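Owing to the predicted nature of the structure, the values given are computational and were not obtained by experimental measurement. Note that the numbering runs from 1 along the sequence shown for the chain.
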Amino acid sequence: MLSVAALMAAALLLDRLLGEPRRYHPLVGFGNAAKLLEKTLNVGRKRLLRGALAWALLVLPLPLALCWLLAQLPVPAAAALSVAVLYFTLGRQSLLEHTRPIGAALLAGDLPQARALASRIVSRDLRHADEAAVTRAAAESLLENGHDAVFGALFWFAIGGAPATLAFRLANTLDAMWGYRNPRFERFGKVAARADDVLGFVPARLTALAYALAGHTRLALRCWRTQAPQWDSPNAGPVMAAGAGALAIRLGGAASYHGRLEERPTLGDGATPAAADIARAARLLDRALLLWLLLAIPL
């Protein structure tokens with residue numbers, strides 16, 4: 001039987017070679033189903049209960065069915081299917097494909113193009129952003145989504161195989177769609193938001209530790225300890241604070257969302273971020289990923 005590390009490496013290789021599916025991604029189909037179910041159930045009273053029911057209907061059946069299917073297959077076929085599922089839940093290559101052009105545009109002096117590219121991956125208003133603000137947006141997205149689309153998926157694969165990593169990514173997708181504190185989702189999306197917090201709690205902290213070990217370790221650990229508690233998200237805080245410290249740059253700070261300036265806590269310490277730091281963040285992610293694979297060898 002192939003080891004967990006070998007299966008992870010195979011899925012990561014597929015992600016590197018094939019990237020994100022261009023024509024149809026299973027998570028896109030899942031997102032469409034989630035939109036339809038939300039429109040149906042997010043009405044009337046008892047929206048918290050309705051949101052919990054919607055979450056269960058969307059997240060639980062596929063992993064349970066996959067668990068049953070894997071038990072029926074011969075070992076080689078089960079291993080191949082597990083690698084395929086993990087590949088579809090990974091997003092390392094997609095992260096790099098979305099952030100590298102931002103850094104390239106900045107290095108070429110094309111700030112308007114960099115703003116436009118960064119606006120595709122973050123929700124903040126970047127129409128008047130300078131180079132540092134665009135770099136912060138790209139680096140923060142890369143570091144935070146490194147947990148959601150890479151390390152979190154690998155952690156749950158190591159814990160419970162393909163069904164567990166599939167459940168994690170489905171729950172993570174629902175949090176991205178429903179986990180908002182606004183009149184529409186405050187009640188309906190609460191279970192989705194809390195479930196994602198719970199499922200991401202351990203892997204987020206392991207991601208933060210890997211970032212720290214792969215960069216400026218002492219600074220990263222200090223930033224994690226002192227800055228993460230100030231961040232709204234219990235999982236994004238440790239990941240981004242440790243990542244910014246590992247890079248010895250300052251992330252976070254004020255950002256404009258929907259026409260309103262939000263004063264966010266500072267993350268990291270050191271230099272003002274510049275265009276080259278986007279590529280540095282990608283290299284940090286890859287060094288941390290190598291650490292994870294080495295640690296997974298005995299599994």
Under 4.0 Å between a side-chain nitrogen and a carboxylate oxygen: does that hold for [X] and [Y]?
{"X": "E38", "Y": "R50", "result": "no"}
{"X": "R280", "Y": "D277", "result": "yes"}
{"X": "R92", "Y": "E97", "result": "no"}
{"X": "R264", "Y": "D232", "result": "no"}

Assigning hydrophobic clusters by single linkage (Ile, Leu, Val, Met, Phe, Trp, Tyr; side-chain heavy-atom cutoff under 4.5 Å), is [X] placed with [Y]?
{"X": "V150", "Y": "L294", "value": "no"}
{"X": "V202", "Y": "L295", "value": "no"}
{"X": "L18", "Y": "L154", "value": "yes"}
{"X": "L285", "Y": "L14", "value": "yes"}
{"X": "Y180", "Y": "Y257", "value": "no"}

I'd like to know if the side chain of [X] and the backbone of [Y] have a donor-acceptor N/O pair within less than 3.5 Å.
{"X": "N145", "Y": "S141", "value": "yes"}
{"X": "T207", "Y": "V239", "value": "no"}
{"X": "W231", "Y": "A241", "value": "no"}
{"X": "R250", "Y": "G270", "value": "yes"}
{"X": "D175", "Y": "D196", "value": "no"}
{"X": "Q93", "Y": "L17", "value": "no"}
{"X": "T40", "Y": "L36", "value": "yes"}
{"X": "R169", "Y": "T89", "value": "yes"}
{"X": "D125", "Y": "R127", "value": "yes"}
{"X": "Y211", "Y": "L143", "value": "yes"}

[X] side, atom [atom1]; [Y] side, atom [atom2] - distance, nearest 0.5 Å:
{"X": "R16", "Y": "L96", "atom1": "CZ", "atom2": "CG", "answer": "8.5 Å"}
{"X": "L81", "Y": "L86", "atom1": "CG", "atom2": "CG", "answer": "11.0 Å"}
{"X": "L73", "Y": "W68", "atom1": "CG", "atom2": "CH2", "answer": "8.5 Å"}
{"X": "L90", "Y": "L95", "atom1": "CG", "atom2": "CG", "answer": "10.5 Å"}

Within the structure provided, determine whether [X] and [Y] are in side-chain contact (heavy-atom separation under 4.5 Å).
{"X": "P238", "Y": "L209", "result": "no"}
{"X": "F157", "Y": "S82", "result": "yes"}
{"X": "F188", "Y": "L41", "result": "yes"}
{"X": "E140", "Y": "R124", "result": "yes"}
{"X": "L261", "Y": "E263", "result": "yes"}
{"X": "L166", "Y": "L170", "result": "yes"}
{"X": "H216", "Y": "L247", "result": "no"}
{"X": "W178", "Y": "N42", "result": "no"}

ask   = side-chain contact (heavy atoms from CB on, under 4.5 Å) between L251 and T135: does it pass, once the steps are laid out?
value = CA-CA 9 Å; L251 300 178; T135 300; 5.9 Å; no

What pair of heavy atoms forms the shortest contact from [X] to [Y], and how long is it?
{"X": "A288", "Y": "A214", "result": "N-CB, 3.8 Å"}
{"X": "A193", "Y": "G179", "result": "CB-CA, 4.1 Å"}
{"X": "R222", "Y": "L219", "result": "NH2-CD1, 2.8 Å"}
{"X": "A210", "Y": "W292", "result": "CB-NE1, 3.4 Å"}
{"X": "S233", "Y": "A236", "result": "OG-N, 3.1 Å"}
{"X": "V59", "Y": "A167", "result": "CG1-O, 4.0 Å"}

message = Between L289 and F151, is the side-chain contact (heavy atoms from CB on, under 4.5 Å) condition met? List the steps.
response = CA-CA 8 Å; L289 182 54; F151 297 106; 4.1 Å; yes

task = Ignoring hydrogens and angles, state whether a donor on the side chain of N235 or R205 is under 3.5 Å from an acceptor on the partner side chain.
result =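 There is such a pair between these side chains.
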
inquiry  = Run the side-chain contact (heavy atoms from CB on, under 4.5 Å) test on L267 and C223 for me, step by step, so that the C-alpha distance in whole Å, both residues' side-chain angles and the decisive distance to 0.1 Å come before the verdict.
reply    = CA-CA 7 Å; L267 298 170; C223 292; over 6 Å; no

task = Report the hydrophobic cluster partners of I121, with the cluster defined as I, L, V, M, F, W, Y residues connected by side-chain heavy atoms closer than 4.5 angstrom, directly or transitively.
result =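 Hydrophobic cluster check, I121: joined to I102, L106, L111, L117, V122, L126, V134, I278.
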
task = Kindly determine whether Q113 and R115 satisfy side-chain contact (heavy atoms from CB on, under 4.5 Å), including the steps that lead there.
result = CA-CA 5 Å; Q113 175 67 3; R115 290 169 178 161; over 6 Å; no

message = Per the ring-ring contact (aromatic ring centres under 6.0 Å, His included) rule, what does the pair list look like for residues 93-124, sequence neighbours excluded?
response =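 As it turns out, there is no ring-ring contact (aromatic ring centres under 6.0 Å, His included) pair with a partner in residues 93-124 once direct neighbours are skipped.
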
